[in-house]
Amino acid sequence: QVQLVESGGAVVQAGGSLRLSCAASGRTFSRYAMGWFRQAPGNEREFVAAVPLAINWRGGSTFYADSVKGRFTMSRDNAKNTVYLQMNSLKREDTAVYYCAARGSEFAYSGSYSWTTAYDYWGQGTQVTVSS
């Protein structure tokens, strides 16, 4: 089992940057595929980014939603049991609660990293507000 704690959410002006962190408990963090999701008021939780276990899984090492591609970067540091989401060129539509998620095995299907049901554990979320 793993526990996830997000941090780094804040109020930021449009065009600005933020880095979110997700710290995981446990000694087997490197065995978890990881993802970031977000949820705005009135909306369903949506996929943001994911890192599979394999360095080159289905031809990629990191996957992004089209809405954040080129602006957000997800990374993981297994030595620190932490994943990060660097968010640049923030837009008002990026305003949401951001959640970190972990899956205890490799993603099963192409594209399944974007399914909320693919993950076993979730953090409590951190609020990101982008003002104009």
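Note that OH of Tyr99 and CG of Leu4 are 13.0 Å apart. Values are rounded to the nearest 0.5 Å. In this structure, CE on Met34 lies 10.0 Å from CG on Leu53, to the nearest 0.5 angstrom. Expressed to the nearest 0.5 Å, how far OG of Ser61 lies from CZ of Phe63 amounts to 7.5 Å. We find the CG-OH distance between Leu85 and Tyr98 to be 7.5 Å, quoted to the nearest 0.5 Å. Here CZ of Phe47 is found 9.0 Å from OH of Tyr64. Values are rounded to the nearest 0.5 Å. Expressed to the nearest 0.5 Å, how far CG of Asn81 lies from SG of Cys22 amounts to 10.0 Å.
Residues Val97 and Tyr121 are members of separate hydrophobic clusters, defined by side-chain heavy-atom contacts under 4.5 angstrom among Ile, Leu, Val, Met, Phe, Trp and Tyr. In the hydrophobic clustering of this structure, Leu20 groups with Val12; members are Ile, Leu, Val, Met, Phe, Trp, Tyr whose side-chain heavy atoms approach within less than 4.5 Å, directly or through other members.
Considering all non-hydrogen atoms of both residues, Ser110 and Trp57 come closest at CA-CH2, 4.0 Å. For the residue pair Val83 and Cys100, the shortest heavy atom distance occurs at CG2-SG, 3.9 Å. Closest approach of Ala96 to Gln39, counting heavy atoms only: CB-O, 3.4 Å. Across all non-hydrogen atoms, the minimal contact from Val128 to Leu18 is CG1-CD1, 3.9 Å. The two residues Ser112 and Phe107 have their closest heavy-atom pair at OG-CB, 3.7 Å. Nearest heavy atom pair, residue Ala14 against residue Ser132, reads CB-CA, 4.5 Å.
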Could you list the donor-acceptor pairs under 3.5 angstrom formed between side-chain atoms of residues 69-76 and any protein atom two or more places apart in sequence or on another chain?
| unit_1 | atom_1 | unit_2 | atom_2 | d |
| --- | --- | --- | --- | --- |
| Lys69 | NZ | Asp66 | OD1 | 3.1 |
| Arg71 | NH1 | Ser89 | O | 2.9 |
| Arg71 | NH1 | Asp94 | OD2 | 2.8 |
| Arg71 | NH2 | Ser67 | O | 2.9 |
| Arg71 | NH2 | Asp94 | OD1 | 3.0 |
| Arg71 | NH2 | Asp94 | OD2 | 3.4 |
| Arg76 | NE | Asn78 | OD1 | 2.9 |
| Arg76 | NH1 | Tyr32 | O | 2.8 |
| Arg76 | NH2 | Phe29 | O | 3.0 |
| Arg76 | NH2 | Tyr32 | O | 2.9 |
| Arg76 | NH2 | Asn78 | OD1 | 3.3 |

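Counting heavy atoms from C-beta on, the side chains of Ser17 and Asn88 come closer than 4.5 Å.
Counting non-hydrogen atoms of neighbouring residues, nucleotides and ligands closer than 6.0 angstrom, the CD atom of Glu93 exceeds 12 such neighbours. Atom CD of Glu46 has more than 12 neighbouring heavy atoms from other residues, nucleotides or ligands inside a 6.0 Å radius.
In terms of modelled atom types and a separation under 3.5 Å, the side chain of Thr95 and the main chain of Val130 share a donor-acceptor contact. Glu6 places a side-chain N or O within 3.5 Å of a backbone atom of Gly125 that can act as its donor or acceptor partner.
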Decide yes or no on side chain to side chain contact (heavy atoms under 4.5 Å, CB included) for Met87 and Trp36, but give the supporting numbers first. CA-CA 12 Å; Met87 306 186 295; Trp36 282 99; over 6 Å; no
Assess the residue pair Phe37 and Tyr113 against the criterion (ring pair (Phe, Tyr, Trp, His ring centres under 6.0 Å)); give the C-alpha distance rounded to whole Å, side-chain angles, the decisive distance to 0.1 Å, and a yes or no. CA-CA 10 Å; Phe37 287 75; Tyr113 48 78; 9.5 Å; no
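The hydrophobic cluster around Tyr84 extends to none of the other residues, as no ILVMFWY side-chain heavy atom falls under 4.5 Å of it.
With sequence neighbours left out, the salt bridge (Lys or Arg N to Asp or Glu O under 4.0 Å) criterion links Glu106 to no other residue.
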